[in-house]
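See below for the structure under consideration.
Just follow the structure's listing: the first ligand is 1, and inside any ligand the first atom is 1. What's counted below: heavy atoms across the whole structure, side chains too, no hydrogens, waters or symmetry copies.
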Amino acid sequence: MTDPATLLSQVQTRIAHAARIAGRQAEEVTLVAVSKTHPAEAIAPLIAAGQRVFGENRVQEAQAKWPALIAAHPGVELHLVGQLQSNKADEAVALFDCIHSLDRPSLVAALARAMDKAARRVPCFVQVNIGAEEQKGGCALAELPALLAEARAAELPVIGLMCVPPLGIEPAPFFALLDKLAADHGLAGRSMGMSDDFETAIQLGATHVRVGSALFGARG
Ligand SMILES: *Cc1c(COP(=O)(O)O)cnc(C)c1O
């Protein structure tokens, strides 16, 4: 197995290369290392190699793994990349530094309440169901303007849009669409691109790529 520091530097090199081709700076792209299903022992070497931003997709799993890691490495940032249940909003606001999955009015309300209660504003991406898929998270394209308006009215710090394109087909058109939607709504952030397609996403404007298996190996 390739060691974590080598995998990290390979991904960083690919990010830099994709950015250069697009006439962008590598520093414009935040690498979110998605550590879901991987234990603390697999995460620590990446922190040691310099990685600072991590992603998890479940609140409970993150609560079990991350408080100790964050205490030991205070500079580390934790992002929630998976769907969030409204009844976990308090826990999410306490633990995460960024939420990529704001996707419905009830969650706007729950997060606004949780952030008020905690006196802590956590930056959010609004997740868009970019391929209009039946059982996929994310708000419908037609509902995006209203959801953004609600989030703004609730004073949620929305910093961008996020998507997970449909599996198994060319993702570029979906990334291009998310980029356009973000521009139309005056949002700077674009959370798009995973292990198989982050270079394409960077060429189409990604500011945050969420990379798991290319850093950690396949999930068990
Ligand atoms: C798991 C996950 C990722 C990372 O996927 P890889 O293909 O392993 O890079 C990115 N985004 C979300 C929302 C995920 O759940």
Inset, instruction - Any chance you could measure Arg210, atom CZ, to Lys36, atom NZ, to the nearest 0.5 Å? - result: 9.0 Å

Legend entry - Thr200-Asp197 side chain donor-acceptor pair, cut-off 3.5 Å: no

Legend entry - Partner residues of Arg14 under the salt bridge (charged side-chain N to carboxylate O under 4.0 Å, His left out) criterion, sequence neighbours left out: Glu199

Legend entry - Salt-bridge present (Arg104, Glu143; N to O < 4.0 Å): no

Inset, instruction - For ligand 1, find out whether one of its N or O atoms is nearer than 3.5 Å to an N or O atom of Gly212. - result: yes

Inset, instruction - Using a 4.0 Å heavy-atom threshold (strictly under), name the region of His100 that reaches ligand 1: side chain, backbone, both or neither. - result: neither

Inset, instruction - May I ask you to list the atoms of ligand 1 that are less than 4.0 angstrom from any heavy atom of Ser195? - result: 6 (P), 7 (O), 8 (O), 9 (O)

Inset, instruction - Tell me, please, which residues at least two apart from Glu28 pass salt bridge (charged side-chain N to carboxylate O under 4.0 Å, His left out). - result: Arg24

Inset, instruction - Pull out every atom of ligand 1 sitting under 4.0 Å from any heavy atom of Val211, numbered as shown with elements. - result: 9 (O)

Inset, instruction - Please state whether Asp196 comes within less than 4.0 angstrom of ligand 1, counting heavy atoms only. - result: no

Legend entry - Residue selection (non-hydrogen contact nearest atom 14 (C) of ligand 1) among Lys36, His208, Met194, Arg210: Lys36

